[in-house]
Amino acid sequence: MAGLPAKPYTDANYLQADKNVQGFNNALQWAYENGYRMVIVPTGSYAICYPRTIMVTQNNMTFDFGGSTLKVIYDSTRKSPFDTRTGVTDFYNFPGRDSSGNDGVSIKLQSVTDSHIRNLILIGDKADRSFTNSAEAAIEWTYGIQIVRGSSYCSVRNCTISSYMGDGISLDSTGFFDYAEFALGLTVNDINRTTGAVIPATGKTLVSQLLTIPTTGYSSFLVAGAGYSRQTAITNKEVDVAYYAVDNTYLGYYSNKKIYTPISIPPEARKFRFLFNNETNTAKNMQMTLKFGLTPHHNTIEFNEVYNLHRGGITLGGNYNIVQHNSIHDGTGVLDRKPIFPDPTRYGINQEDSYGDNCVIRNNLFYNLFHGALVGCWTIEIHNNHFYNLSGIGINLYSLHMANVRENYLYRCQTGIGLMDAHLPHAHVNIEDNTIAYASNAGLGGTGYDVYFYGNTLIDTNSFAMADDDTIICRGNHFVWTDQFSGIPTITANRVEQCSFEGWNAQREFTLKAYEASDSIFTNLNVRIETRNGAKTAENVLFRSSSFTRCILNNHQLSTRQRQVQINGSKLTDTVVKLGNINTPEESPLTTLNECDLYVSTITYMFQGEFNTGVGRIEVNRCRIIIANSTFAYLLTNVFNVASTIIFSIKRSTLTYTGTGRLNLQYYNPTNKRAVRLFATSRNILRNINPPAPEAGIVIEYDPDIEGLAPPTDGVWFKGDIYGNAAPSAGGNVGWVCVSPGPASDIPWRASAARIRGDRVFASGRVYEAMNSGTSGTTSPAWPNGSGATVSDGTVTWQEVGPLAYFRAYGTIF
């Protein structure tokens, strides 16, 4: 009967709604028995109710509702005449597990092939629920349409489904017959592939006892998991199967059948054995469930609108199923102003509590939800979906063996793409060509995966992190920060290749935690160079073959360990290389540029120190510096003027001024030159540049690493090593040769001297290094001779690092 009653509903309303459900079932059965394969419902509105379900159990049947509306009538505060419980007042729990009954399902396609639901408007019980009892918000067991028990090649199309407490559409991972918690009777044996006989094992193999195939004539089955993770405990995630007839005649053998993959059953087979490779424990629980007749497979959910969700929109289970061209939206309670589901696993599509192989989610629209798609075991394809305005995760990947996440657009999701732990061997995910815009973070923190994150565009992402694994590479991705973004974003990846990082308009400060960045482009950025474990460990960073335009490259230490940064073979345009140390006196940062091209058109200096303590070093080796800016002032400047906190070295480089006339160059800013401990310039070529006169006590015009005015005073030297004389003259010597190896030092021990960690002194013919900062004692300690031995001296602990290197002059100059 068409027509929808108004609340409050009477018993007569429920009885009529139940008759409507029975009428639909009767119409389907009559049509099928009389040779019809399509049922078209007269256009109208029809009340339905729980617990009876419209059952599509006929193959090759299309149920076309012609745009009709089916609405569940429901009352949370009044007992349904079909609720058989006595002495209860929690009427909102009917039907479902809390009322000792089955879930409430409006339409179910069960154990059918090629049957279809079309052109239906379906409204669930959430629309009528009152939520006067706060516990009602936790209800999650009413469903719109379910495809269950191995149904295949079915579809739900052109439907509008809303207001269910569980899911609007559910593909459940149930088989025609589930065979679980059975005794395998494992023995350490093998199976003869020719005879099917059980034979002694020659490797790591276990064989099951003979198992019985259900007698209903199934042509195939698959091995699924058990428990929450549904992965099985099989080591290889594969099984071998040997088949036998009713009289134990051997019929044949299948090898290496992956879990969740169909395994064919010969028609004559009535028994079978499993063989498990790479297994030795006969008491092991393999956590298997056998799905005879398979789980739902090759079904399609398309061109539907699923909205006003409570727990979720679509459950995706089974194998080879497709969810495409659907609009899934509004699970925030705003549409109907009703309480939201209290657990954070609210979603548009869910495979977290289900499982399957090679399912596809493509060309769908998700918006106004908590999570978009939660997907899990075993493989999945997520392609060209649009996710908008999600307060949770756009795409979250659970226990998977393989996922392809391609060409999706994720806009204003709290997390773009999340990654949980894999729990499966050789698991990998390909995340390619996606756009993630205005996400707080991009996820990807899970372990156990090989992650291929290629060709993605991330706009205004606050946090992006990949696993701590050198084989996982951030490659070919584009990171952009617009003027709308506030804060300091962080990108964490051990290796970065062929990526671009860009700040729009105003220069953007961001933190890059990486060990290697190669063939990448940085534009308009203040790059805070850090490492993943820098707070605990001294680590190195390498930039190679990269380009920096209008950037600051800041190797800055604040409560971190010493960091050494190398920039090799790169191009720096109007970019400042900055080195700093704030309140961390025991650590000494180092930045080195090797064979780089530096171009100046707007900036007035290229290198900057920012030290209130400690000392740092900038080295420029074999670089080409092109200066076009006539107002360029000096190579080095300092933020603070703390004495002797920076060492600068430039050698074997070419500096060229391309402007009019000649450039009068200053090596360092004279207003804060007190910060410069040493400025070394050696073997450089200057074109159209007038250098300054070297300032005694600060500037040296030689390379102190290989030459000096006296024997070396630091470093470790080996017998026969040569240190050149930086001021050779007639009658002098060519240099000095090491005749006794060890560390060099020219600082003797002194009483009551302030020391920092890493300082070296010599005493009694040996060199000792301070293991901590402190002040030496008033009398010299008893210096130990043993290698690595330590001694306390006031508040300083010294460690022996070797015998003092000894040098002799050589090569008299005539």
Side-chain angles (χ1 to χ4, degrees), residues 457-458 464 474-482 485 488-493 495-531 540-556 563-580 589-610 616-629 632 634-637 639 648 650 653-656 658:
T457 297
L458 295 91
F464 171 84
C474 179
R475 176 178 292 158
N477 302 295
H478 184 41
F479 295 83
V480 175
W481 292 277
T482 71
F485 184 82
I488 302 173
T490 300
I491 307 298
T492 305
R495 295 177 61 190
V496 173
E497 294 182 0
Q498 300 172 2
C499 290
S500 63
F501 303 85
E502 181 180 0
W504 286 4
N505 297 325
Q507 189 180 73
R508 167 65 54 191
E509 185 174 5
F510 94 106
T511 300
L512 178 63
K513 294 186 177 183
Y515 299 108
E516 180 177 342
S518 61
D519 301 297
S520 295
I521 300 172
F522 298 80
T523 305
N524 208 28
L525 296 167
N526 182 345
V527 185
R528 295 171 52 165
I529 302 169
E530 296 185 8
T531 56
N540 299 332
V541 177
L542 172 64
F543 291 93
R544 179 168 50 85
S545 302
S546 294
S547 172
F548 305 89
T549 302
R550 299 185 304 280
C551 290
I552 297 174
L553 302 182
N554 193 1
N555 180 11
H556 195 277
R563 185 185 311 111
Q564 296 189 7
V565 175
Q566 281 197 48
I567 305 171
N568 294 344
S570 296
K571 178 181 177 182
L572 288 71
T573 302
D574 287 323
T575 290
V576 174
V577 176
K578 188 174 181 179
L579 193 68
L590 168 66
T591 296
T592 303
L593 282 73
N594 298 310
E595 298 183 339
C596 293
D597 293 317
L598 292 80
Y599 297 90
V600 174
S601 60
T602 61
I603 59 176
T604 57
Y605 58 87
M606 284 188 285
F607 303 95
Q608 184 179 44
E610 187 177 29
R617 184 181 180 104
I618 296 175
E619 297 181 354
V620 180
N621 304 315
R622 301 179 304 281
C623 292
R624 293 159 296 279
I625 301 175
I626 309 297
I627 302 172
N629 182 12
F632 185 83
Y634 24 74
L635 293 177
L636 173 67
T637 189
V639 175
F648 186 90
I650 180 169
S653 298
T654 301
L655 291 80
T656 303
T658 60

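The basis for the numbers below is simple: all heavy atoms, side chains too, and nothing from hydrogens, waters or symmetry mates. Because the structure is a prediction, the values reported are computed rather than measured.
- Within the 4.5 Å cutoff, the side chain of His478 has heavy atoms near those of the Thr457 side chain.
- Atom-to-atom distance recorded for Ile627:CD1 and Thr604:OG1 is 11.0 Å, nearest 0.5 angstrom.
- Annotation: side chain of Ile650 is in contact with side chain of Leu655 (closest heavy-atom distance under 4.5 Å).
- Rounded to the nearest 0.5 Å, atoms CD1 (Ile567) and CD1 (Ile529) are 5.5 Å apart.
- In this structure, Thr523 and Ser500 have side chains that are not in contact, with every pair of non-hydrogen atoms separated by 4.5 Å or more.
- Note: Phe510 CZ to Glu502 CD = 12.0 Å, rounded to the nearest 0.5 Å.
- At a threshold of 4.5 Å between non-hydrogen side-chain atoms, the residues Val527 and Phe501 do not count as touching.
- To the nearest 0.5 Å, atom NZ of residue Lys578 and atom CD1 of residue Ile552 are 6.0 Å apart.
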Inset, instruction - Determine, step by step, whether Thr591 and Phe607 satisfy the side chain to side chain contact (heavy atoms under 4.5 Å, CB included) criterion, reporting the C-alpha distance in whole Å, the side-chain angles of both residues, the deciding distance to 0.1 Å, and the verdict. - result: CA-CA 10 Å; Thr591 296; Phe607 303 95; over 6 Å; no
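- Side chain of Arg528 to backbone of Asn554: no donor-acceptor contact under 3.5 angstrom is found.
- Cys474 and Ala493 make their closest contact through CB-CB, 4.0 Å (heavy atoms, listed as atom of the first residue, atom of the second, distance).
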Inset, instruction - Go through the steps for Asn555 and Val541 under the test side chain to side chain contact (heavy atoms under 4.5 Å, CB included), then give the verdict. - result: CA-CA 10 Å; Asn555 180 11; Val541 177; over 6 Å; no
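- For Arg508 against Gly503, the heavy-atom pair with the smallest separation is CB-CA, 4.0 Å.
- Between the CG atom in Asn524 and the CG atom in Asp574 there is a gap of 11.0 Å [rounded to 0.5 Å].
- Contact annotation: the side chain of Leu512 never approaches that of Leu525 to less than 4.5 Å [non-hydrogen atoms, C-beta and beyond].
- The minimum heavy-atom distance between Gln498 and Arg475, with the atom names listed, is OE1-CG, 4.1 Å.
- Annotation: the span from Ile625 atom CD1 to Cys596 atom SG amounts to 10.0 Å, rounded to 0.5 Å.
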Legend entry - Criterion side chain to side chain contact (heavy atoms under 4.5 Å, CB included) on Thr592 and Gln564, from CA distance to verdict: CA-CA 8 Å; Thr592 303; Gln564 296 189 7; over 6 Å; no
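- Taking both residues in full, the closest heavy atoms of Arg550 and Thr575 are given as N-OG1, 3.5 Å, listed atom of the first, atom of the second, then distance.
- In plain terms, the two heavy atoms of Asp519 and Ser546 that are nearest each other are N-OG, 3.4 Å.
- Looking at Gln566 and Arg544, their side chains never come closer than 4.5 Å, going by heavy atoms from C-beta outward.
- A ring-centre distance under 6.0 Å is found for Phe548 and Phe543.
- Side-chain atoms of Phe479 and Pro489, non-hydrogen and from C-beta on, never get closer than 4.5 Å to each other.
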Inset, instruction - For the pair Arg617 and Leu590, evaluate side chain to side chain contact (heavy atoms under 4.5 Å, CB included) and give the outcome as yes or no after the intermediate values. - result: CA-CA 5 Å; Arg617 184 181 180 104; Leu590 168 66; 3.7 Å; yes
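- The one candidate from Thr549, Asp597, Val600, Ile603 that meets the side-chain contact (heavy atoms from CB on, under 4.5 Å) condition with Thr573 is Thr549.
- Inter-residue side-chain proximity for Leu553 and Val565 is flagged as unmet; no heavy-atom pair is nearer than 4.5 Å.
- Between Pro589 and Leu579, the shortest heavy-atom contact is CB-CD1, 3.7 Å.
- In terms of modelled atom types and a separation under 3.5 Å, the side chain of Thr511 and the main chain of Thr490 share no donor-acceptor contact.
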